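Predicted, not measured: the structure shown is a model, and the values here were computed from it. Order of listing sets the numbers, starting from 1, for every ligand and every atom in it.
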Amino acid sequence: MALPSINPTTTKAWKALQNHFESVKDLKMKDLFEKNEDRANNLSLNWEDFYVDFSKNRITEKTLSLLLDLAKEVKLKEAISAYFEGEVINKTEKRAVLHTALRGKKLDTVLVEGKNVMPEVFEVKAKIEKFSNQIINGELKGYTGKAFKTIVNIGIGGSDLGPAMVVDALQYYKNHLATHFVSNVDGDHVNEVLKKLDPETTLFVIVSKTFTTQETLSNATTIKNWFLKHTNNKDVAKHFVAVSTNIEKVKQFGIDENNVFPMWNWVGGRFSLWSAVGLTISLAVGYNNFNQLLEGANKMDIHFKNEAFETNIPVVLSMLTIWYNNFFNAESEAVIAYSQYLNQFATYLQQGIMESNGKSIDRNGKRVNYQTGTLIWGEPGTNSQHAFFQLIHQGTKLIPADFIGFAQSLHGNQDHQNKLIANYIAQTEALLNGKTKAEVLQELENSNLSQEEIQELLPYKVFKGNKPTNSIFIKKLTPESLGKLIALYEHKILVQGIIWNIYSYDQFGVELGKQLASNILGDIKTGSYKNHDNSTQNLLNFFKKFN
Ligand code: F6P
């Protein structure tokens, strides 16, 4: 089945939403809570160890039902089936989108071009398990017979961000192996990492789906040359493994075929941490934890696939994004995790969400006449409260935010945990209620200020509130709950792409950047810069002056 290709703005539901928007856009959430004691019970979902409260949004129950009508009218249900069943929904690249198969069950059947891919998926999982165990328990050794102590992941984009984010997020579950990630083509990055390495005890994992990415191949070559300064070619096999679909290129690079962990074209780079791209995760936290991560994602997959839209977490949260993006004209969304472990989560989501839904041609080949992909950004709380929260509270922009929290801390320091969660909850409450003139006045009147000073200060201290937030509150950060959380955001990408009638799974915009850089690199190497505009020419001249 081809994906439906309905311009959302032509649907009945869209028109109904436009009319409805006019009647609710000025409503105050605070009043809605006052009028309905059950608001939070009606607008929240309990699922497994997740409590998702979306009641602090500028919606009524009618808004939600109209948004879900829109989802039905653009045939979201059919699209979800096509996604899970391996239809070629990445039409522009003629590929299925099957990262969900990577966390499927052994006895599932997932067909790609008529062939069940699950046996291959489990074969690679078994290879990951065996290799991880052998490295962790010291059975496999380096060229001088010492056990490995350090893993270096070399990759970029989806071949870096996912593994790096998860290894950081699950550091509590980590074993003795140290991990480093080299991604940027900036030579200072690789050199800073090399300074910390002992060639005798370091394993290098080169991750590149295509094995043609400039950054990754440059870093891998620099590292291999550094390694060969200490020993010889035959030892490369012991210290370098690769994850790729391009076995030929990997062999050309000098890596033994037995050291290749395969992946498939039906796994998009930004959704690939569940595949052998997650090898560094499995090495860092052990295969069992890696598998728990996959099992969590599988649970979210089943929820997303089967649950009615009304109680379907990814669907409901996606439709709220559509509400703000397309009706309130909000440009960005913040993701604030009250967990230092999720330090890299927003950065990871930026690739997933913006590389997928930063598109402007619809599935009929026409330029869209409405807004698509939102800007995603964020930093962990409480740090972000002392950085950009001022703008969320009192700036001119509407910034809906997801607040992610974990009820239990991992190290069990209750005093810190109470303070962390107090901040987490207090911020969403403050964003909802704001601070009225009367409240500020009362506060100021208890101070030593004169009436004149109070009146002067008053407007600056008022907070309008009415700022929307979703609270995604999870019992505890475990490999399984993290898997669920990541899969939740992956499924939001699908839903939003379907509603916006765009193709979410190609990335031609990024590929243009790759081509342009190689043209300029050619010019830098030859020193002749003829065919550029004046600005580009000057930049090249400035560079030449110092090199
Ligand atoms: O940045 C573009 C991109 O194609 C991403 O989609 C991908 O994750 C990244 O490059 C790395 O690609 P590869 O794994 O093929 O090296």
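A distance below 6.0 Å separates the ring centres of Y83 and H491. Aromatic ring centroids of F345 and Y489 lie under 6.0 Å apart.
Between F546 and F542, the two ring planes are perpendicular [angle over 60°; tilted spans 30° to 60°].
Annotation for ligand 1: atoms under 4.0 Å from non-hydrogen atoms of I156 are 9 (C), 11 (C). Here is the list of ligand 1 atoms found below 4.0 Å of a heavy atom in G158: 7 (C), 8 (O). Close approach to T213 involves these atoms of ligand 1, each under 4.0 Å from a residue heavy atom: 12 (O), 13 (P), 15 (O), 16 (O). Heavy-atom contacts of S208 reach the following atoms of ligand 1: 13 (P), 14 (O), 15 (O), 16 (O) (cutoff under 4.0 Å).
Where the criterion is an N or O separation shorter than 3.5 Å, residue side chain and backbone included, K209 meets it with respect to ligand 1. Not one N or O of T216 is nearer than 3.5 Å to an N or O of ligand 1, by distance alone.
When side chains are defined from C-beta on, F131 counts as touching F261, because their heavy atoms get closer than 4.5 Å.
There is a side-chain donor-acceptor pair under 3.5 Å between Q507 and E511. Of the N and O atoms on the side chains of T536 and D533, at least one donor lies less than 3.5 Å from an acceptor on the other residue.
The closest non-hydrogen atom to atom 5 (C) of ligand 1, taken over E355, M263, R270, E215, comes from E355.
Of all the heavy atoms of V510, the ones lying under 4.0 Å from any atom of ligand 1 belong exclusively to the side chain. Counting heavy atoms under 4.0 Å from ligand 1, residue Q351 touches it through the side chain alone.
Among protein heavy atoms, the minimum distance from atom 15 (O) of ligand 1 is reached at T210 OG1, 2.6 Å. For atom 10 (O) of ligand 1, the closest non-hydrogen atom on the protein side is K514 NZ, 3.6 Å.
Taking CG of L279 as the start and CD1 of I206 as the end, the distance is 12.0 Å to the nearest 0.5 Å.
No side-chain donor-acceptor contact under 3.5 Å links E333 to the backbone of T374.
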